[in-house]
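Throughout, protein chains are lettered first and strands after them, A, B, ... in sequence-line order, and every chain is numbered starting at 1.
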Amino acid sequence: MDSNLDGNSSGLNELKTSLRNVLRSPTWRAVLFWLLPAAFLGYFFYQPLVALFTLFISPQGGIVLGTLNPGQIWDPLWFTVAQAALSTLLTLAIGLPGAWLFTHFTFPGKGLLKVLTTLPFILPTVVVAAGFNALLGPKGWINLALMALFNLDGPPIQFLNTLGAILIAHIFYNTTIVIRVVSNAWSQQNIRLRQAAMALGASPWRTFKEVTLPLLRPSILAATLLVFLFDFTSFGVVLMLGGPGYATLEVEIYIQALHLLNLPLASVLSILQLVCTLLITVGHNRLTRQRGLVLVPRAQAIGARKPKNPWERVMVALMVLSLISLLIAPLAALALRSIIKLEPSRGERGQVERGFTLQFYRELSINRRNSLFYVPPIAAAGNSFIFAAVTILITLSLGTLVAYALRQRTAINTVLDPLLMLPLGASAITLGLGFIIVFNQPPFSNFSFPILMPIAHSLVALPFIVRTLSPALQSIPESLRNAARALGASPWRVWREIDLPLLSPALIVSTIFALTISLGEFGASSFLSRPDYPTLPIAIFRYLSQPGALNYGQAMAMSTILMLVCAGGIFLIERIQIHSKDET
Amino acid sequence: MLTVENIEKAYEGEPLLNKVSFTVEEDETVCLLGPSGSGKSTLLRIIAGLEEPEGGEVFWNDEPLGNTPAHQRQFGLMFQDYALFPHRNVSENIAFGLRMQKRSEDDIRARVRDALATINMGAFAERKVTELSGGEQQRVALARALAPEPRLLMLDEPLGALDRTLREQLSRELRRLLRETRVPAIYVTHDQEEAFAIADRLLLLHDGVILQSGKPHEFYHQPRNVWVAQFFGLGNLVQGEVISQSPLKVTTPLGVIQARCDRDAPAVGEKASLLFRPTQACPEAEVCPNRITGKVFDEVFQGENYRLTLHINDEVPLFNILLPEPAPMDATITIGYRAQHVLCLENGSHSA
């Protein structure tokens, strides 16, 4: 009996020791951390992706491919590339001078402008589309003002459904990327390099050409590729501002899948799109890895100063004005349009009280259609926030696990890390398409799409969350944990006392990211939403495309709410980052 | 050659350089010495033309340089962080200034080869500068600054980023190179040993003015005021009030002390500071007019000597001396100072 018991307990001890040994190996620890995130990605991302490919190579796909008019593929591809290239060029034309401005000068309102430049990062496409609509659309400020001034019957400026509208919205979105990336690299450039060149006899122009520019080139290229990628995968802007005349790959996939129900063609286009974005992403990663060239001790960064001579002053004033009008005008137009009535609602022709009104906001809680399938717009906000809460829960838990997995020094990370980042390359449209192909059958049905919504949002948000959490985790010195351990803290205690407090700013930032991404997500949502479960962006899209001043006003009101929530989020993020900088 | 006249510059509203003037002669290495934040590097950049002074002027052979931009001054400048161009290799870095002078390809190649040979780095021509060690970077930076044959070389803490052994070795090399090339040089440092080793002449910059200038040994033997004595760590400083001019007598917390003064002795009733060098403490107190009694507080063996720290009283709690023999801890001992070994100094406005 005794010996038997001993054997048992020693067996248990052996098990414990071997378990501990397993946990000591970084590879096994990484595997444990990866388990849940990998299962999630495998089931919800790679399964739909594989389904897309299967459809592509299936006999059905073959038939479609065989009967395909090449123009059906080449036309959207050509337009996608052309508009992306044009948008990128225009964005650089504004962004590079902007980067110069931000690097070299201080001016009144710089802080405000800096906050403003972060806005486009998180503003949902529907909000931006609604903003430009409120500014330049047929019911927008400028057209209504011109009509009132010159007694015109129709809007004089045709902005919606033009290429110009797409380009301007893209510039709005991406100028700040160029400014951020380039000005960041520029201001970190060691000013001594330039001074050394001058002391060696190089004129200012020569110094720029031989030193500043070559050192800036990687960051300019990186920004260019990033902007091109965003323009290439642009969906909401093209759909809402470009109208039926212009279809990028993304819009074409959406139309083929949801309106024409041609899933095989949609999957062909999806795969084409995926290949293109992957190529661009790989190029971008190559470039960013090359950077971080010199880390000299006590490098002297470039300091910003006040503009000195008249020429500089004029340039700075011009840049500031154009940036502010580009960034503020559509958003201000949107917010004002939501509280000011400018045209009669249906049925109240004639006497209209123009002016301040909260009617559009009040109407949000009323279901005018009295339809079972249409819910009051405020319900859309409720749905959006519930989806966002679930998204936060999913992405934060999975993101933290991945961050810990990536911290282990093991070869499997080099394989798994890119696999995790692939959802970044795959567009939300591809994701949505994959979802309706795979999950439109048992155990799911199209009634379960509301459940899938936060999952889709999580897949879109996860790469951003991991990119936020992982560096924060890596930056915690191991010596802190060792010190805590030496002072008697158990592993769990170490995590609670060291990791968690030091991670918390990154966790808050991640929460805000997840919140704003989920609230604003439009591409995948447009595939998964059902009339009785709309999200805010879907509801805005619907109301914008319906006639009537009331619908228009309600779209403006909802967009304004969404904009304020996102702006509040980015404001918080900025504050947290400043705060944590003070602490170190 | 170089004349710097009444240079003024403020930093964030505070005056940093307050009418600084000095000259650099042919073949001369002038060391600009001062604590960090004293404006040494700013002064260098003003001379180089990389920053504008708010007042004053820089002259080269009596020609004002105010309207000559940096790239036309032909002054070499070597930075503390070397500022090697990371996108160019070693040769290309050295060739940069020569290319700006529009020299021929062959000439440039030959000069780069020579420069590499001078710094013993012939094998490094095609290396990336980011792959070099700190000492190698320093030598390449020096070669790059010297290659275009500047009419003045300025070095901003050129050894500051290196560790001690490397510093001593490179300091010797630098001295050799400066002597061989005979280029007038301004060498900025905060390290007095480095300054003593390199300089023909020393300028001590403090609070925006040149506090003292001269040969290195003059600073040691004739510090101009209390601040200079403190900066060089020359010894114990004790404050007192003059009670007699000749012989000079000062009443201090150590009692009445007889002292020497190299300038005009201060008037009776004025405050003065006395410098007692630890090495000049005399164990045979009875032969000296000044006697100091204290309790041994600390004792450190330093090879040839013992460094003793005495506690004298509440006003002079610590007093350092060097003696050939040790003394037991807590023992009360008396040492002496000859009158010529106690130096009376101006208090200056900067006694810290």
**OP:** Starting at CZ of B/R99, measure out to CD of A/E210 and round the result to the nearest 0.5 Å.
**Re:**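 So the CZ of B/R99 and the CD of A/E210 are separated by 4.0 Å.
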
Original post:
How far does CZ of A/R192 sit from CG of B/D81, to the nearest 0.5 angstrom?
Top reply: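 The CZ atom of A/R192 sits 6.0 Å away from the CG atom of B/D81.
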
Grab the two heavy atoms, one from [X] and one from [Y], that are nearest each other, plus how far apart they are.
{"X": "A/L193", "Y": "B/F85", "answer": "O-CE2, 3.1 Å"}
{"X": "A/L200", "Y": "B/A145", "answer": "CD2-CA, 4.4 Å"}
{"X": "A/A199", "Y": "B/L77", "answer": "CB-CB, 3.9 Å"}

Subject >> Largest heavy-atom contact set with chain A, pairs under 4.5 Å, which of B/K128, B/Q72, B/R144, B/M78 >> reply: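 Max contact count across the listed options: B/R144.
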
Original post:
With chain A, which of B/R45, B/Q74, B/Q101, B/R73 has the greatest number of heavy-atom pairs at distances under 4.5 Å?
Top reply: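 The candidate making the most pairs under 4.5 Å is B/R45.
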
Got a sec: does the [atom1] of [X] have more than 12 other heavy atoms crowding it under 6.0 Å?
{"X": "B/D62", "atom1": "CG", "answer": "no"}
{"X": "B/E193", "atom1": "CD", "answer": "no"}
{"X": "A/R305", "atom1": "CZ", "answer": "yes"}
{"X": "B/D163", "atom1": "CG", "answer": "yes"}
{"X": "B/E180", "atom1": "CD", "answer": "yes"}
{"X": "A/E478", "atom1": "CD", "answer": "yes"}

Relative to chain A, which segment of [X] carries a heavy atom at a distance below 4.5 Å: side chain, backbone, both, or neither?
{"X": "B/R88", "value": "side chain"}
{"X": "B/A70", "value": "both"}
{"X": "B/P69", "value": "neither"}

Subject >> Close side-chain approach of A/N190 to B/F79, heavy-atom, < 4.5 Å >> reply: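 No. Closest side-chain heavy atoms not under 4.5 Å.
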
Original post:
Does the side chain of B/M100 reach to within under 4.5 Å of the side chain of A/M198, using non-hydrogen atoms?
Top reply: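 B/M100 does not reach A/M198 side chain to side chain.
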
